[in-house]
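Below is one structure, written out as structure tokens; comments come after it.
If you're wondering where the values come from, they're calculated on a predicted model, not measured in any experiment. Just so we're on the same page: letters track the sequence lines, and every chain starts at 1.
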2 protein chains.
Amino acid sequence: MTNTISKENYLKTILQHTTDTNEPVTTNDIANTMGTKAASVTEMLKKLSAQKLIKYKKYKGVTLTNSGRQQALLIIRKHRLWEYFLVEKLKFRWDEIHEVAEQLEHIQSDILVDRLNLFLENPQFDPHGAPIPNKKGAIKKSETFKLNEVRDNKESIVKSVSDQPDLLRYLSKIGISIGSKLKVIEQNSFDQSLLLLINNKVKVQVSSDIAKHIRVQP
Amino acid sequence: MTNTISKENYLKTILQHTTDTNEPVTTNDIANTMGTKAASVTEMLKKLSAQKLIKYKKYKGVTLTNSGRQQALLIIRKHRLWEYFLVEKLKFRWDEIHEVAEQLEHIQSDILVDRLNLFLENPQFDPHGAPIPNKKGAIKKSETFKLNEVRDNKESIVKSVSDQPDLLRYLSKIGISIGSKLKVIEQNSFDQSLLLLINNKVKVQVSSDIAKHIRVQP
DNA sequence: ATTATTTTTTAGGTTTGCCTAAATTAAAAA
DNA sequence: TTTTTAATTTAGGCAAACCTAAAAAATAAT
């Protein structure tokens, strides 16, 4: 019943690549994000398929079964609860937590997750603003928009950012955090970079590559 | 530089078997406590020896090198800090923590250990009364005695108990915890069991098998 | 001091998860 | 539609950590 760490990581990766698009994820995409080779991925897909955790047709990519998605969501739950713990209790910076949470998410203990959740008072979002799935794996999704899709001169509030240490360090440096108020002053039509007003105070130019990792609400 | 979980467990086991006796531990003893077979142990000993973590002569048992002891002590440190966390913060009972701590002790992150220690306010003893090694692996040892070595009609205070869930549940049931006051009323000369007075209130008969897992101070 | 018993080691296998190189299939280009 | 390119899978290997069975060494018993 208990999966290996490697299998858990595959499930998590497949979930991440299929939730937004609803499309099957390819062997190569999995290999790239996991830092393994395509051949290794194929091999693992066969095992996960035999366990009915994924739907896999040769050469056609993969999606999760309900059972696989459920398992993946509970790993995400653990990851995000631990991230919250690291920041709120142990005073980690948000760019320091990823690596540690990647380890902690694989600790197997239902009672631990329950009590950690209780101790943290049932948090709903992790330090990057990502929603924490509940005990059953259910996730409440909110309507947010990528910053690079917001029209000029609209004000919005930062709701979440991608979990990438480099990005997080950069955002801290320019003063963007969850809850920051952003106004897109203008979009450069050549490179799609944005001129932002942050919290009504500072103007900063950010690339569209950064902007697409920032999700906001009007 | 980073060892596998399996290697860490071997180091820990070797430490546990060599600290009190100062004698080399045998292949079979290691196999028994780890739940593996002697052949597997021999194989691993060769690897640990090649890494200069243990001193190993064929057929002659094993001891740790300074480097190996240092590593083992830092794993113990993590184990005991996590145990303290589980009991003090997450409200685990002391008989529930072992299995989880066995997993948590293998999380690799120096910064995590430092900040956990800070968060817990630098605790000196884990929930069973075992001393927590400091950041350098140093452990302060206190003079304690096994309860079965205490003379009749002497009063003493419980300082530590062995980390075995069954034992811990039993001790809870009869009302013994760290700090309890015990008086050995009499020792049965046939089976060496002890009649105890606990906290000046309850009388309980305890086998010597239990008593040797309870360490006390006068 | 031999012999018998127990302990430890060696030899040869298994599983998991990774790899490279070659073969196959699918997709894109001519 | 055929050819070329790209993606994927298969085949065959490797390291880690376990195993069983057989051989060797150490210890205990006669």
Side-chain angles (χ1 to χ4, degrees), chain A residues 1-15 17-18 21 23-64 68 71-72 75 102-103 105-108, chain B residues 1-15 17-18 21 23-64 68 71-72 75 102-103 105-108:
Chain A
M1 191 60 245
T2 299
N3 281 312
T4 62
I5 290 176
S6 186
K7 280 183 183 171
E8 291 196 342
N9 283 331
Y10 275 96
L11 291 177
K12 215 180 46 157
T13 302
I14 296 167
L15 179 70
H17 279 85
T18 50
T21 66
E23 290 286 300
V25 58
T26 66
T27 302
N28 261 352
D29 279 357
I30 297 171
N32 287 335
T33 59
M34 303 219 15
T36 57
K37 293 301 160 84
S40 309
V41 175
T42 300
E43 187 179 53
M44 183 60 90
L45 294 183
K46 285 195 255 177
K47 290 181 198 165
L48 293 172
S49 188
Q51 286 182 79
K52 296 208 195 306
L53 294 168
I54 60 172
K55 280 168 273 185
Y56 169 53
K57 290 274 182 222
K58 271 188 197 174
Y59 297 101
K60 297 296 179 186
V62 207
T63 56
L64 292 169
Q71 288 197 30
I75 299 160
E102 289 286 307
Q103 296 182 62
E105 72 189 1
H106 299 295
I107 303 290
Q108 293 313 144
Chain B
M1 190 64 247
T2 299
N3 281 313
T4 62
I5 290 176
S6 186
K7 281 184 182 170
E8 292 196 342
N9 283 331
Y10 276 94
L11 291 177
K12 213 180 46 157
T13 301
I14 297 166
L15 179 69
H17 278 84
T18 51
T21 66
E23 290 286 299
V25 58
T26 67
T27 302
N28 260 352
D29 280 357
I30 297 172
N32 289 334
T33 59
M34 303 220 13
T36 58
K37 293 300 160 83
S40 309
V41 174
T42 301
E43 187 180 53
M44 182 61 91
L45 294 182
K46 286 195 256 178
K47 290 182 200 164
L48 293 172
S49 188
Q51 285 182 80
K52 296 209 197 304
L53 294 169
I54 60 172
K55 280 168 275 186
Y56 169 54
K57 289 274 180 220
K58 270 188 196 172
Y59 298 101
K60 297 295 179 186
V62 208
T63 55
L64 292 168
Q71 289 197 28
I75 299 161
E102 288 286 308
Q103 296 182 62
E105 72 189 2
H106 300 295
I107 304 289
Q108 299 301 150

Let me confirm one number: the CG-CG distance from B:L11 to B:L15, rounded to the nearest 0.5 Å.
9.0 Å

How would you label the contact of B:S6 with the nucleic acid (heavy atoms, under 4.0 Å): base, sugar-phosphate, or nothing?
sugar-phosphate

Remember a base hit wins even if backbone is also touched, and classify B:G61 as base, sugar-phosphate or nothing at under 4.0 Å, heavy atoms.
nothing

Do [X] and [Y] come close enough that some side-chain heavy atom pair is under 4.5 Å?
| X | Y | value |
| --- | --- | --- |
| B:T36 | B:Y10 | yes |
| B:L48 | B:Y56 | no |
| B:L53 | B:I14 | no |
| A:E105 | A:N9 | yes |

To the nearest Å, how far apart are [X] [atom1] and [N] [atom2]?
| X | N | atom1 | atom2 | result |
| --- | --- | --- | --- | --- |
| A:K7 | C:dT15 | NZ | C1' | 11 Å |
| A:I5 | C:dT15 | CD1 | C1' | 16 Å |
| A:E43 | C:dT16 | CD | P | 10 Å |
| B:E8 | D:dA17 | CD | P | 11 Å |
| B:K37 | C:dT7 | NZ | P | 14 Å |
| B:M34 | D:dC19 | CE | P | 10 Å |
| B:Y10 | D:dA17 | OH | P | 9 Å |
| A:L45 | D:dT10 | CG | P | 11 Å |

So does [X] get a side-chain nitrogen or oxygen closer than 4.0 Å to the phosphate oxygens (OP1/OP2) of [N]?
| X | N | result |
| --- | --- | --- |
| A:K46 | D:dT10 | yes |
| B:Y56 | C:dT9 | yes |
| A:K47 | C:dT15 | no |
| A:K58 | C:dT24 | no |
| B:N28 | C:dT6 | no |
| B:Y59 | C:dT6 | no |
| A:T4 | C:dT16 | no |
| B:T42 | C:dT9 | yes |

Mapping A:M44 and B:T27 onto DNA chain C by nearest heavy atom, which one lands closer to the 5' end?
B:T27

